[in-house]
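These numbers come from the heavy atoms of this one structure, side chains and all, not from hydrogens, waters or symmetry mates.
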Amino acid sequence: MAHSDDATKAWISATPIVDGDSKVVSWNCKYRYTLAASGKDDFVHTFDRTVEVEPTKAKTAYTQAELLTLIDKAHLDDMFNKKYAVYISTPPTRTKDASFDVTSLDAS
């Protein structure tokens with residue numbers, strides 16, 4: 001199961017730009033994912049997408065489902081999964097070896 005399946009998703013805003021006939025020519029959409037992380041603060045990421053559309057409909061003729069299709073929700077899910085995986089991962093351990101003697105290496 002993907003992390004995006006477990007995340008809470010919410011619209012922050014959907015702002016239309018309309019032409020002189022009140023037909024939408026573009027949308028600026030902000031859509032937020034939130035998912036709890038064990039031992040850490042919740043991971044929250046807001047995607048901000050602007051998409052151009054053919055001016056065929058008024059803003060009230062759109063549905064939320066249409067807007068999700070326009071902003072490519074499948075891609076947002078994939079990007080959230082990747083960002084969350086990095087957030088919850090344990091960074092590799094790095095240890096400085098101050099006792100290393102460089103003269104022990106071959107000179108050539």
Side-chain angles (χ1 to χ4, degrees):
M1 180 174 266
H3 301 300
S4 61
D5 294 337
D6 297 328
T8 300
K9 301 167 194 99
W11 282 100
I12 302 304
S13 64
T15 307
I17 305 295
V18 297
D19 66 10
D21 295 325
S22 296
K23 305 290 185 194
V24 176
V25 295
S26 69
W27 284 98
N28 175 254
C29 299
K30 294 181 182 171
Y31 195 66
R32 179 175 293 154
Y33 289 65
T34 304
L35 186 58
S38 181
K40 296 183 178 189
D41 291 337
D42 289 355
F43 180 71
V44 179
H45 187 79
T46 301
F47 291 96
D48 186 345
R49 298 278 189 253
T50 299
V51 292
E52 304 293 319
V53 295
E54 288 296 319
T56 58
K57 299 196 297 189
K59 58 190 169 196
T60 56
Y62 283 84
T63 65
Q64 289 182 19
E66 276 182 289
L67 293 179
L68 286 173
T69 299
L70 288 173
I71 63 173
D72 193 358
K73 183 179 171 297
H75 177 69
L76 299 185
D77 285 350
D78 183 49
M79 294 307 298
F80 178 80
N81 291 334
K82 291 174 181 176
K83 290 173 183 294
Y84 185 79
V86 169
Y87 181 73
I88 62 171
S89 68
T90 303
T93 302
R94 296 180 179 199
T95 306
K96 185 177 186 177
D97 184 356
S99 67
F100 180 75
D101 181 7
V102 69
T103 61
S104 67
L105 298 175
D106 261 351
S108 52

In Å and rounded to the nearest 0.5 Å, what is the [atom1] to [atom2] distance from [X] to [Y]?
{"X": "Leu76", "Y": "Arg49", "atom1": "CG", "atom2": "CZ", "answer": "5.0 Å"}
{"X": "Phe80", "Y": "Lys9", "atom1": "CZ", "atom2": "NZ", "answer": "8.0 Å"}
{"X": "Lys82", "Y": "Asp77", "atom1": "NZ", "atom2": "CG", "answer": "12.0 Å"}

* Take the angle between the ring planes of Tyr87 and Phe43 and call it parallel below 30°, perpendicular above 60°, tilted in between. => tilted
* Going only through I, L, V, M, F, W and Y residues with side-chain contacts under 4.5 Å, is there a path from Val18 to Trp27? -> yes
* To do: Go through the side-chain N and O atoms of Ser99 and Asp97 and say whether any donor and acceptor fall under 3.5 Å apart.
  => yes
* Mark yes when over 12 heavy atoms from residues, nucleotides or ligands other than Lys57 sit less than 6.0 Å from its NZ; otherwise mark no. => yes
* Just wondering, more than 12 heavy atoms not from Asp41 lying within 6.0 Å of its CG? -> no
So, does [X] use its side chain to make a donor-acceptor pair with the main chain of [Y] at under 3.5 Å?
{"X": "Asp21", "Y": "Lys23", "value": "no"}
{"X": "Asn28", "Y": "Thr15", "value": "no"}
{"X": "Asp48", "Y": "Lys30", "value": "no"}

* **Identified side-chain contact (heavy atoms from CB on, under 4.5 Å) counterpart of Val51 within the set Leu70, Thr69, Leu67** => Leu70
* Can you list the steps and then say if Phe47 with Cys29 is a side chain to side chain contact (heavy atoms under 4.5 Å, CB included)? -> CA-CA 8 Å; Phe47 291 96; Cys29 299; over 6 Å; no
